Trainee: 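Right, I'll just put the structure down here and ask away after.
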Amino acid sequence: MREVYVDNNATTPVAPEVVEAMLPFFGEFFGNPASIHRFGARAVIHCRAAREQVSAFLGANPEEIVFTSCGTESNNAAIRGTLDCFPDKRHIVTTAVEHPAVRNLCAHLSDRGYAVTELSVDEQGHLNIAELEDSLRDDTALVSIMYANNETGVLFPIEKIAPIVKTRGIILHCDAVQAAGKVALDLSALPVDLLSLSGHKLHAPKGIGVLYARKGTPLSPLLVGGHQERGLRAGTENVPYIVGLAKACELAGKSLDTERTTVGPLRDRLEEGILSAISHCLINGDRENRLSNTSNISFEGIDGESAILFLNEFGIASSSGAACMSGVDTPSPVLRAMGVPASAIYGSIRFSLSRYNTGEDIDYILECLPPIIAKLREFSPGRPPRDP
Ligand code: PLP
């Protein structure tokens, strides 16, 4: 059966070049970078080269890169590590649409006495900059705002947010897990202090992430132990995955144009095909100002999870909202914050493409999806009128 993978915001296939780059580090180059013998020295050389490659991808300096295990760890290290440095500052500003790796952490901190302000979004998924300005207080330790939303792809204007936060002398953390590899990130021009990445969202394996920490940013380590990562993240370096992530960053840097010239048009063709073949559906989030790979569509009168299961029968992998919410029967907090009605939230499907998708993939989805929606609507009590 044909298989079409359009769930790349959940995870991406590992690029073959990344696998190839990693393989020697499971064999010949197995050394621990902390060892002073030749095996350790080889590992050091490759970790150093990888750090340089990742920093070049971000427009950063190598000593500003901290390798972690995932995006969640990077977010925890940024937020907890900042709060630890400012014990008298007990206020955090974030948004209502962050990934659970930030949102649930902030809720957890709120239970432990921190004041948390969650900025609202409008129906397009945009922040109100005046609300951000008003939220900042003398005891604000940190602002944590994502670059691109994982469910809708909507981009936040970090370039406008950063100067507002920085003129108040507040630390700014940005979760760029979904943005990395899809939009150009140049930290030499973007004054964020801390920024999170995750390897498995950009065709590297699961189990590797990055925390960018601008030189001079106060940061207390989340993991304390050895002196790895300049004391900012203890634990023996995951050399194969660090090398793999560097290769993935190199490939992502080279294919940024492809996101705009190929992935975007494929996503647009998918949306236009869906909108013309299926009535009573709407695209969630600002259609202009979003990642070129993501489409979040609500289909009136259906249950999104059922559609996803039917699509799966045809070999098509998509998702409803955040992947880690799958199987959890609560409507997406992101769509809820945007004021999408509950019925439309339950009827939403997220398609997230990558540079590995083709026009034939889109044709196949457009062939399979309309009959699935029509069938589900037939059995739905409050179904919208039949499509012609
Ligand atoms: N932040 C965002 C925006 C995400 O989309 C994800 C994963 O979906 C994460 C953080 C968590 O990353 P990881 O799965 O590497 O922990």
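Bear in mind that the values here come from a model prediction, so they are computed numbers and not experimental data. Note that ligands are numbered from 1 as they come in the structure, with each ligand's atoms numbered from 1 the same way.
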Trainee: Apply ring-ring contact (aromatic ring centres under 6.0 Å, His included) to Phe29 and list each qualifying residue two or more places apart in sequence or on a separate chain.
Mentor: Phe25, His46
Trainee: Answer yes or no: does an N/O atom from Asn150 fall short of 3.5 Å to an N/O atom of ligand 1?
Mentor: no
Trainee: Quick one: does ligand 1 sit under 4.0 Å from the side chain of Glu73, the backbone, both or neither, non-hydrogen atoms only?
Mentor: neither
Trainee: Salt bridge or not between Asp268 and Arg287? Use side-chain N to carboxylate O under 4.0 Å.
Mentor: no
Trainee: Nearest to atom 12 (O) of ligand 1 by heavy atom, Gly71, Pro100, Ala176: which?
Mentor: Gly71
Trainee: Quick one: do Glu63 and Arg51 make a salt bridge, cutoff under 4.0 Å?
Mentor: no
Trainee: Out of all atoms in ligand 1, which are within 4.0 Å of some heavy atom of Met146? Include the element for each.
Mentor: 3 (C)
Trainee: For the 3.5 Å polar cut-off, considering only N or O atoms, please tell me whether Ala10 and ligand 1 meet it.
Mentor: no
Trainee: Can you name the atoms of ligand 1, numbered from 1 with element, that are less than 4.0 Å from a heavy atom of His200?
Mentor: 13 (P), 14 (O), 15 (O)
Trainee: Which one of Thr11, Asn75, Asp175, Ile208 has a non-hydrogen atom at the shortest distance from atom 1 (N) of ligand 1?
Mentor: Asp175
Trainee: Considering only NZ, NE, NH1 and NH2 on the basic side and carboxylate oxygens on the acidic side, decide whether Glu20 and Lys247 come within less than 4.0 Å.
Mentor: no
Trainee: Pairs in or reaching into residues 182-201: which pass side chain to side chain donor-acceptor pair (under 3.5 Å), with residues at least two apart or in two chains?
Mentor: Asn9-Lys182, Thr11-His200, Asn75-Ser196, Lys166-Asp193, His173-Ser196, Gln178-Lys182, Asp186-Ser188
Trainee: Within a distance under 4.0 Å of any heavy atom of Ser198, pick out the atoms of ligand 1 and give their elements.
Mentor: 13 (P), 15 (O)
Trainee: Record the part of Glu98 in heavy-atom contact with ligand 1 below 4.0 Å; permitted values are side chain, backbone, both and neither.
Mentor: neither
Trainee: Quick one: do the Ser120 and Glu131 side chains pair a donor with an acceptor below 3.5 Å?
Mentor: yes
Trainee: Are Leu142 and His91 packed together at the side-chain level, in the sense that at least one heavy-atom pair is separated by less than 4.5 angstrom?
Mentor: no
Trainee: Please work out, at 4.0 Å between heavy atoms, whether the side chain, the backbone, both, or neither of Lys201 comes within that distance of ligand 1.
Mentor: side chain
